[in-house]
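In what follows, every heavy atom counts, from backbone to side chain, and hydrogens, waters and symmetry copies are set aside. Chain naming here is simple, since letters A, B, ... match the order of the sequence lines and numbering starts at 1 in each.
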Amino acid sequence: MEHLRGLNEEQRLAVTAPLNGQLQVIAGPGTGKTKLLTSRVAHLLLTQNVQPHQLIVTTFTRKAAQEMKERLALLLEGSQIDVSKLRMGTFHSICIRLLRKYSGDMDLDPRFTVASNKDVDDIVDALIGNLPGLELPEKADDVIRDDQGRLSKSKIKRAISHLKSKALDIKAYMESDKHDKDLLTVYEEYDKRMKRQSMLDFDDILLLSLKLLRKRKCLFGIKHVLVDEFQDTNHIQLELINEFSHQNEAFRDNITVVGDPDQSIYAFRGAVSENFEFMKKMYPSCTAVYLRENYRSTQDVLDASELIMKDQQDRDSKLLRSQYKDSFKIVYRNFANDFLEAKFIAKEVEHVISMKLVDENDICILVRSNYMTRIIEKELNNCRIKYSIVKGRAFWERKEISLLVDRLRVVVRPHDSCALLRVLGSHTGIGLMSVKKIGKLIDELHGTNEPLRILQDISCGNLRLEKLQTKVINTCKELYEEIRDCQKIYNRELSDRSSLLRLFDRVSQQQAIQKLVTDDEEKRNNLSEVRKYLEIFEPDDIDQEVEELTLLEHFLNSIDIYSPEEMDDDDRKKTNEPSRKVSISTIHSAKGLEWKVVFVAGLTQGKFPSSHIDPLVESPVKKVCEERRVLYVAMTRAQQLLYVTSASETSVLVKRLTDNTGIATQRQISLSTTEKLEKLARQIGTVVESCESHVQKYLSLHPVVTPQDRYYNKIQTIDKAPSIENRISYAGGKGPKVPSDFKLGRYGYPRIVTKRAVSRIGMPEYPIPDNAPPVLAPTSKSLNLPAQAPKRRKTLGVRRRKP
DNA sequence: GACAATCCCCTTTTT
DNA sequence: GGGGATTGTC
Ligand SMILES: Nc1ncnc2c1ncn2[C@@H]1O[C@H](COP(=O)(O)OP(=O)(O)OP(=O)(O)O)[C@@H](O)[C@H]1O
Ligand SMILES: [Mg+2]
């Protein structure tokens, strides 16, 4: 029984549970739930006479699905079983395939497109503009309005998504007695626009699939349904799980779910960990398995994480046992500002890599929100550390890429007004107003005319729009002709790969794209990535049987399902050179993953927990509980070394780390003595040469900074100047350019900050390198500072330790 | 009045 | 990376 190897007693019990029946595995992080689920799939395939296509396995991300497939392939080696036939993926990707195949049953355009975030944004913006009558100050702050009574884009999006995740379509919502009339109007407008463009949003995909499966047993062969990360399923997903398991009368109600209520972090999307209880009520015969052994982390990581959760109400403490012999104290450290925090992380990463304790792939830096990655990127760049930002679909949402994709969409999707309007807006000479006007026109005339036709009418003067400048009309004409040109290059008859590549080349030569790409190597590289992808892209088997779509259409559809990481992987297999990169990720997308070294950055009051309040959906207390779980998930990603850092004011979430002595230190003790370092290396399984010198280097890495040092390197504050610390230290942004003659500080740090910045993050403090030459103190006058440097000596940050 | 360019500030989390 | 305000230009 090869597939049962490497499992403990309890895990084995779960893996070999009967094919028929329901099973819940409820256990903490790193206890091997995902491993168990993978083994169970193998077990069912190998010993229970189950074919791959008779199983549904849902994972939380596409990456997780990919990983599970790879592990399964290993477990099933030599067995003739074709892993690719498994229905494995996220709920969404499984359902998209289903809907394409059975679109006929749902009266659905089989060539439907999945609306991107941008599409949804544009649609909601347009409908807000179309419903000026709904701006009602007296209804300020309701479910769809902001504090001034205007319709709010984000609120509308959330409200609609919320309805759909409770399986309320327009009809059902209308019939519910406590519906909001205005929300209903907005909902209808939204739906109208989506339908017109044959678009489905993420919630539609689940909702329609549920309806489909209830109407017709499309998945009649399914014998068992397996679900990972069950604590983050929402109402409609639980319904889907049920429906999946009702498709085959001979094998009804066969479900295995695994998860951990403490790791439920998607409440904002309707996830309810109570689904464990709901499921138990639905299936009283459901059995449960609990696991205690943790195979991922050291005991210190587990203890610190558990300590954080002590504040959690309604929770039994969960004592996990680490399987590691040696354990190392976690690091918690606060910095004066986020700039220094990022610098510390970069230095630390550089150190552990340079001593060959771990390599880049063993390291991850976790943050609460996406924007926090920028400052860290910048510092890693400074240290020439290779990194990659983990974010599934983000590649396709980059400016240059999405513009290209929009232009491709326009060529083959005649109803796609979202893409057309964005393409239009990308031309110089056409501004917001013109786009809005034309958008409105498309809205009004859609019944009889395709968007492209309307563009044509505008460009040849058939449709006269008031106050539309001739400049705009000319641009429309240009665009129209260009699109026609493209359609000559690529169409139903000319849909081979070389035509597609020719189309790509034509489109990427276009001015708006060229303007973005010149002077920006990264953007250029991104575009050639896409071209490379087009060269090798093959539609999925499953998708191929669906419809006679052209290659380009298949490609556009695949964007909804595949992440660029997979592109990257293909690439890597080809060139056969493993790319080593530090991961930077939000905590939410790091779910289920693990690294030897983990940094959790940005535990700063107001940022994490985010000061964002959403009293309409959750109570503030619940919100903090969820944020605490987010931190718990983050910390439990670590196998050996865990760092938690913050800037300026410390988050309430980590109070216990600072209050309790002996939990966290300010730098890694395991890197600070030869003996500990050797132990650590042994546990990791690497060989570190000359530990002694690395320890010495580590001790000097974060030098003690005296107040005098800080004083001499003090920052000049001025009233109105570019907020340099933003501009220099953050990648991107469209703020003021740093003047070319801008003086950097003595040590390469910015010396001028705005008063506003100082009030926000406090006066920056920069460490002085050991080899810094002496500096003459500037006069207090020139610095606008008190005449005397602070006298009291206080060690900042690191305390010297006895060797 | 429409548009582009510039500056300042803020930024939840994802399929 | 973008929303919003402001300014200068056509
Ligand atoms: N019985 C075991 N013996 C040795 N290693 C194990 C065992 N079970 C799991 N592991 C290892 O422990 C690590 C964590 O396992 P896994 O990812 O399955 O945990 P999990 O419960 O799914 O965690 P999470 O809640 O974070 O998703 C993996 O590296 C896995 O290979
Ligand atoms: Mg897991």
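- Closest to the A:Tyr266 side chain, of the nucleotides B:dT14, B:dC3, B:dT12, is B:dT14.
- The pair A:Glu626-A:Arg629 counts as a salt bridge, with a side-chain nitrogen and a carboxylate oxygen less than 4.0 angstrom apart.
- Both geometric conditions, a ring-centre gap below 5.5 Å and a plane tilt below 30°, are fulfilled for A:Phe268 over the base of B:dT13.
- If you take CD of A:Glu397 and C1' of B:dT15, they are 11 Å apart, rounded to a whole angstrom.
- When distances are taken from the side chain of A:Thr90 to each of B:dT11, B:dT13, B:dT15, the shortest belongs to B:dT15.
- Ring planes of A:Trp396 and A:Phe555: perpendicular class, angle over 60° (limits at 30 and 60°).
- In this structure, of B:dT12, B:dT14, B:dA4, it is B:dA4 that holds the atom nearest to the side chain of A:Thr428.
- Among residues two or more places apart in sequence or in another chain, the salt bridge (Lys or Arg N to Asp or Glu O under 4.0 Å) test is passed with A:Arg422 by A:Asp119, A:Asp122, A:Asp406.
- Going from atom CZ of A:Arg269 over to atom C1' of B:dT14 covers 5 Å, rounded to whole Å.
- If you measure from atom CD1 of A:Ile473 to atom P of B:dC3, you get 12 Å, rounded to the nearest angstrom.
- Set against B:dT15, B:dA2, B:dA4, the side chain of A:Ser434 has B:dA2 as its closest nucleotide.
- The nearest heavy atom of DNA chain B to A:Thr586 and to A:Ile430 marks one nucleotide each, and the one closer to the 5' end goes with A:Ile430.
- Within the 4.0 angstrom heavy-atom criterion, no nucleotide atom of any strand lies near A:Asp203.
- Which of B:dT12, B:dT15, C:dG1 sits closest to the side chain of A:Lys623 comes down to B:dT12.
- In this structure, A:Arg368 pairs ionically with A:Glu627, as a charged nitrogen and a carboxylate oxygen lie closer than 4.0 Å.
- Across the protein-nucleic acid pair, A:Gln237 atom CD and B:dT15 atom C1' stand 9 Å apart, rounded to whole Å.
- Regarding A:Leu424, its CG atom lies at a distance of 14 Å from the C1' atom of B:dC3, rounded to whole Å.
- Rounded to whole angstrom, the span from the NZ atom of A:Lys471 across to the P atom of C:dT9 amounts to 15 Å.
- Note: CD1 (A:Ile389) to P (C:dG1) measures 10 Å, nearest angstrom.
- Here the C1' atom of nucleotide B:dC3 and the CD1 atom of A:Ile438 are 14 Å apart, to the nearest Å.
- Between A:Ser610 and A:His92, the residue whose closest nucleotide on DNA chain B is further toward the 5' end is A:Ser610.
- For A:Lys440, there are no salt bridge (Lys or Arg N to Asp or Glu O under 4.0 Å) partners, not counting sequence neighbours.
- Contact between the side-chain N/O atoms of A:Asn370 and the OP1/OP2 oxygens of B:dT13 is found at a separation under 4.0 Å.
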